[in-house]
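Note sheet for the following structure.
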Number of protein chains: 2
Amino acid sequence: MQKKANVSQSTVSRVFTPGASVSEKAKRKVLQAAEELGYRPNALARGLITKKTGMVGLAMKDIQNPFYHEILGMFSEKLRKRGYTVLFVYTENEEIQQEEINHFLEYNVEGVIVTDALLSSKVVTRLHDNNIPITLFNRYDKHLSCNSVYCDNIRASKEIASYLYAQGCEDIVFITGKINTSTSRDRQLGFTSYLKNKGIDAAILEGDYTYEKSYHVTNEYIKNNRIPDAIFGANDITALGALDALKK
Amino acid sequence: MQKKANVSQSTVSRVFTPGASVSEKAKRKVLQAAEELGYRPNALARGLITKKTGMVGLAMKDIQNPFYHEILGMFSEKLRKRGYTVLFVYTENEEIQQEEINHFLEYNVEGVIVTDALLSSKVVTRLHDNNIPITLFNRYDKHLSCNSVYCDNIRASKEIASYLYAQGCEDIVFITGKINTSTSRDRQLGFTSYLKNKGIDAAILEGDYTYEKSYHVTNEYIKNNRIPDAIFGANDITALGALDALKK
DNA sequence: CTGAAAGCGCTTACAG
DNA sequence: CTGAAAGCGCTTACAG
């Protein structure tokens with residue numbers, strides 16, 4: 001490549017480094033040669049020396065919720081616009097495996113994003129040791145020291161409770177998601193605490209964010225009780241399952 | 001690292017290369033030091049020299065079809081099990097952009113998989129020039145020379161037509177997907193050709209794989225015609241849109 | 001503005 | 001079985 005353009009390796013490098021000082025003439029020569037050869041700087045070599053690999057690890061658990069599909073699209077797009085590319089890992093297991101994190105480490109990702117999956121503290125430590133920032137999406141963990149972005153589920157579910165209360169509902173059911181997720185816990189907490197204040201004890205059915213489970217538990221419930229005034233599901237999938245059980 | 005284990009760089013490398021000849025003793029020393037230091041071989045450096053980066057590029061177009069979410073999970077899992085990690089790109093645009101392919105090239109992916117997106121022939125050439133195999137999933141293109149895996153949509157839709165015919169349906173509608181996709185074209189072809197043989201002309205409504213469009217066209221259709229005996233949508237989303245239009 | 005040299009962390013012949 | 005050396009394709013001081 002540098003032969004073709006008749007300049008040094010350094011100059012080639014400068015042409016592809018925004019803000020580096022190169023003469024217009026050298027730039028033209030290099031760009032033209034690059035065009036002819038189909039040359040592109042090797043990201044691996046660059047990453048090796050600069051320690052900036054331009055990659056971000058994204059881990060996501062395999063579930064049916066289409067919401068996360070959308071999320072994946074957003075992350076991918078926004079990251080690309082900022083010059084990052086995503087190294088993607090689907091985790092089948094509940095906790096993100098050491099093996100999967102190892103991939104992130106080996107490729108020197110500049111950060112990792114975890115959505116809808118759990119992290120063992122060992123894994124977090126490992127990442128920290130390598131100075132790789134990690135952020136949790138839509139969940140948090142008091143015991144883990146990492147950034148996280150999530151919504152105020154407690155407040156939101158209080159609002160839902162308040163709405164239902166205002167409608168005059170009294171016989172109310174809450175169907176949980178996976179009980180070890182902060183999202184489900186918070187929604188339950190906000191919901192029930194509001195109602196308790198008003199003297200209402202919501203019935204709690206244990207779900208796990210799947211359609212099937214939710215269908216099943218509401219089915220069982222309505223067999224033995226009268227149809228409640230309202231059911232609040234921990235997420236959309238849960239609500240769908242309950243809805244279909246009621247229809248039947 | 002090699003200092004800690006008191007061996008040469010070469011030996012360290014051999015320990016992490018399956019099948020290389022290292023003594024048990026050296027292996028133990030290295031593994032132990034690695035454990036203490038949290039050492040992992042740098043995949044970038046390795047990729048740079050071996051030309052095997054262990055990465056596969058996966059491009060997917062941003063659509064609502066949950067089917068592709070599942071597909072993504074499968075690809076990701078299977079690839080990981082074979083030692084590959086996936087470099088993921090969501091494409092918003094119809095055709096996969098040069099820019100996005102450049103990413104794949106810069107990182108020296110060992111192959112690229114394209115699902116639900118179009119490829120310009122320029123991009124294919126570019127990839128070919130770099131000896132990067134590319135495979136299309138669930139679509140094909142006569143003009144492009146690349147591998148592809150897809151189902152026999154023509155035959156499948158013939159079978160659907162034959163089923164409807166056997167049920168005695170005569171007034172039949174087909175709602176297309178995006179007309180420039182092989183999937184939609186083949187489904188239409190198989191479906192209508194079978195029916196034409198039986199003397200039935202199916203009405204064709206042009207959709208684009210979205211729920212909204214499908215809802216709209218069937219709505220318009222039933223305003224001006226009587227309700228058909230059967231509607232065949234080019235995919236699930238299309239069928240859903242039609243279904244809801246009918247319900248109303 | 002430009003080039004020669006060193007170095008990023010690995011692998012791979014080559015000797016021993 | 002093991003180590004020294006060269007090299008993968010880049011970037012980055014250092015001189016000029």
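Labels below follow one simple rule: chain letters A, B, ... track the order of the sequence lines, proteins then strands, and each chain is numbered from 1. Side-chain atoms are counted along with the backbone in the values below, which use heavy atoms only and exclude waters and symmetry mates.
For B/Glu110, the salt bridge (Lys or Arg N to Asp or Glu O under 4.0 Å) criterion is met by no residue, not counting sequence neighbours.
Going from atom CG of B/Asn6 over to atom P of D/dC1 covers 19 Å, rounded to whole Å. Taking atom NZ of residue A/Lys29 and atom C1' of nucleotide C/dC1, one finds them 12 Å apart after rounding to whole Å. Residue A/Lys51 contributes atom NZ, which lies 14 Å from atom P of C/dG7 at whole-angstrom precision. If you take CG of A/Leu44 and C1' of D/dG7, they are 16 Å apart, rounded to a whole angstrom. As rounded to whole Å, 11 Å separates atom P of C/dT2 from atom CZ of A/Arg28. Straight-line distance from the CZ atom of A/Arg40 to the C1' atom of D/dC10: 14 Å, rounded to whole Å. Between the CG atom of B/Asn42 and the P atom of D/dC8 there is a distance of 18 Å, rounded to whole Å. Counting to the nearest Å, the P atom of D/dT2 and the CD atom of B/Glu24 are 10 Å from each other.
Between the side chains of A/Asn153 and A/Arg185, no donor-acceptor pair is found at a separation under 3.5 Å. Looking at A/Ser8 and A/Thr11, their side chains do bring a donor and an acceptor atom within 3.5 Å of each other.
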How would nucleotides 11-16 of chain D be written as a contact map, 5' to 3', with B for base contact, S for sugar-phosphate-only contact and - for no contact, using protein heavy atoms under 4.0 Å?
BBB---

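The number of heavy-atom neighbours closer than 6.0 Å to CG of B/Leu240, taken from other residues, nucleotides and ligands shown, is above 12. Environment of CD in A/Glu36: crowded, with over 12 heavy atoms of neighbouring residues, nucleotides or ligands closer than 6.0 Å.
Phosphate contact (OP1/OP2 of C/dC10, side-chain N/O of B/Tyr39, threshold under 4.0 Å): present. Contact annotation: A/Lys25 does not reach the phosphate of C/dC1 (side-chain N/O to OP1 or OP2, under 4.0 Å). A close approach under 4.0 Å does occur between a side-chain nitrogen or oxygen of A/Ser8 and OP1 or OP2 of C/dG3.
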May I have the step-by-step check of ring-ring contact (aromatic ring centres under 6.0 Å, His included) for A/Tyr107 and B/Tyr107, ending in yes or no?
CA-CA 11 Å; A/Tyr107 284 97; B/Tyr107 284 98; 9.4 Å; no

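Between A/Phe67 and A/Phe137, the ring-plane angle classifies as parallel under the 30° and 60° cut-offs.
Counting any heavy atom pair closer than 4.0 Å across all strands shown, A/Ser21 reaches a base atom. The residue A/Ala43 sits apart from the nucleic acid: no heavy atom pair falls under 4.0 Å.
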Quick one: the dot-bracket string of DNA chain D, using Watson-Crick and G-U wobble pairs with both distances under 3.5 Å, [ ] for crossing pairs and | for bases paired to another strand.
|||.||||||||.|||

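The closest side-chain heavy-atom distance from A/Val86 to A/Phe75 is not below 4.5 Å.
With respect to the salt-bridge test (charged N to carboxylate O, under 4.0 angstrom), the residues B/Arg28 and B/Glu24 do not qualify.
Among C/dG3, D/dG9, D/dG3, the nucleotide with an atom closest to any side-chain atom of B/Val7 is D/dG3.
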